[in-house]
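Take a look at the structure set out below.
Whatever order the structure lists ligands and atoms in, that order sets their numbers, starting from 1.
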Amino acid sequence: MGHTDTLDPPDWDAFQRQAEAMLGLLCTHLRGLRDQPVWQPPPEAVRARHRSAPPRAGDALAEVCAEFATDILPYGSGNTHPGFMGWVQGGGTPVGMLAEMLAAGLNANVGGRDHMAIEIEREVIGWSRELLGLPEGADGLFVTGTSMANFIAVLVARSGALGAGSRRAGLRADGRQLTAYASAGVHGCVARALDMAGIGADHLRLVPVDDAFCISLPDLRAQIAADRAAGALPFLIIGTAGTVDTGAIDDLDALADIAAAEGMSLHVDGAFGALAALAPGLRPRLRGLERADSVAFDWHKWGQVPYDAGCILVREGHRLRTAFAGEAAYLSRAETGLAAGAWWPCDLGPDLSRGFRALKVWMTLKVHGTEALGRAVQRSCDLAQDLAARVAAEPELELLAPAALNIVCFGYRAESGHDVNAAIVEALHVGGRVAPSLTRIGGRPAIRAALVNHRTDARDIEALVAETIAHGRRLTGLDRGLRRRPAA
Ligand SMILES: *Cc1c(COP(=O)(O)O)cnc(C)c1O
């Protein structure tokens, strides 16, 4: 084959026709989501087909695509579906899907060098900064998700507390134990970030929450004072804007005051909640976010951008470089030419090679605008209020936590010792109409509906309530009891 033996298509016209067919497949799929089950388990025969040896000779793209259509597409986790309310996941958009294709076509490596993808990432980081109210001078980076963004924030705060020299000398040079603080409702990835940073997960103090599931400020102050008295070095407060269990938003303004008084950093985990800033009616709830030293959040949750699109913003952008920049001859910079640019994204975080995540956020914001995204955020919260009201009105159901934002935790009432909520959630998943998830509130299993998906509407809320009650009655035997009851 000689010079023609590349991986490009031998017949570009045929390739383009196939590409259009694949686009058609996805458009048909997305248009018909509501008619599909939210989730169905991959059949054993399908799973078995995919325990195969590496393909040595290739197949036609059309055939491989047909396999995608039968074996992969119907067996997603359901997060694009309007009935999906499990965990906290975004629904994605058709526009985001196309942006992913464009980004893949460019195949940009956004770790560095002088090209337009870097300018676009800077543009979107600038938009993010402005939308969340951080000042000019803030900088940031797209990363996989808030787990990674929280980890970066811990590393930035660590080198802030110990000085950049600690990057070489390590943690023991200081002699004092670094300690961090967050509410008991903090996401598990924050403890893991302290673990990965070498500080140790035990040195994340989990401060009790108040009745609204927000961090208790008197307990926080007392814990910091106790640690100082014991010779530790309290360095970081992590506030949560939208806890994963209940959607509680810590008093960020008060946390900023405490951090300032104590000479500590304030980081905000705003994985989904930070984008409440897009909804004018919710924005005041985030008061104090603009004072944070860093914010981690996801465009792939409430921002509806396809996975993955996490984001870290740091108030004093240079602190990212203090924490991460290095010198390597093979990455040296030039005044002009392809290797120009004083700072490259690889100086701001742990990754060198990076994809063009910013493009799908850029295109989502350009096409839909922040107002439409904000309306989707507001709608999630309105639906949560509707659901909470439905739960309150049903004698068989009970609300298990205040529905502060877009998350409703509730349960089916059963005699103590016979909790059916886990079984209800399983039955709902298998039923395929709606998919909430399970959590524990105050030690009790709770059905948790996290309303994030822009496609979810009142029909899905109604189906959740009706099916929860039906399964609850079946599981407690109440349906038999009702049938046995003599007619009046
Ligand atoms: C989802 C979530 C995370 C983790 O974010 P990923 O993007 O999944 O890594 C962290 N904190 C909170 C509050 C979350 O909801």
Side-chain angles (χ1 to χ4, degrees), residues 77 79 84-92 96 128 132 140-155 180-197 201 204 206-207 209 213-215 236-250 252 255 266-277 282 285-286 289 292 294-313 349-351 355 357-358 360-361 377 380-381 384 401 404-409 436-439 441 448-453:
S77 75
N79 57 305
F84 190 90
M85 308 162 182
W87 302 275
V88 175
Q89 297 195 25
S128 305
L132 300 194
L141 207 57
F142 276 93
V143 293
T144 39
T146 291
S147 302
M148 179 55 83
N150 282 335
F151 178 46
I152 290 174
V154 168
L155 296 179
Y181 304 80
S183 92
V186 73
H187 193 277
C189 69
V190 171
R192 196 168 49 190
L194 282 137
D195 156 15
M196 293 193 296
L204 174 66
L206 296 178
V207 178
V209 293
F213 291 80
C214 300
I215 190 167
L236 175 63
I237 298 172
I238 297 125
T240 301
T243 59
V244 66
D245 266 342
T246 67
I249 300 175
D250 287 334
L252 304 176
L255 293 184
L266 172 64
H267 170 66
V268 174
D269 176 346
F272 64 94
L275 287 187
L282 298 170
R285 311 262 298 272
L286 296 170
L289 179 69
S294 53
V295 182
F297 72 103
D298 287 321
W299 282 103
H300 59 219
K301 289 179 173 172
W302 245 350
Q304 312 294 342
V305 170
Y307 286 90
D308 48 26
C311 193
I312 175 72
L313 294 176
D351 292 316
R357 292 188 181 98
K360 57 195 169 184
V361 182
V377 165
S380 306
C381 296
L405 205 59
N406 61 326
I407 299 179
V408 184
C409 292
S437 55
L438 189 76
T439 190
I441 299 292
R448 172 168 162 280
L451 302 163
V452 182
N453 189 320

> Side chains of Leu236 and Ile238: does their closest heavy-atom pair fall under 4.5 Å?
Replying inline: yes

>> Please tell me whether Thr240 and Thr243 have a donor and an acceptor in their side chains that are separated by less than 3.5 angstrom.
In response: no

>> Just to verify, what does Ala276 make a side-chain contact (heavy atoms from CB on, under 4.5 Å) with, not counting sequence neighbours?
In response: Leu282, Leu286, Trp302

>> Go through it in stages, so that I can follow the logic: the residues are Thr439 and Cys409, the test is side-chain contact (heavy atoms from CB on, under 4.5 Å), and I'd like the CA-CA distance, side-chain angles, deciding distance and then a yes or no.
In response: CA-CA 8 Å; Thr439 190; Cys409 292; 4.1 Å; yes

>> Using a 4.0 Å cut-off on heavy atoms, what residues surround ligand 1? Order them by chain and number.
In response: Gly145, Thr146, Ser147, His187, Cys189, Gly242, Val244, Asp269, Ala271, Phe272, Asp298, His300, Lys301

> Who are the ring pair (Phe, Tyr, Trp, His ring centres under 6.0 Å) partners of Phe297, not counting sequence neighbours?
Replying inline: Trp299

>> Test: side chain to side chain donor-acceptor pair (under 3.5 Å). Region: residues 141-155. Which pairs qualify, not counting sequence neighbours?
In response: Thr146-Asp298, Asn150-His267, Asn150-Asp269

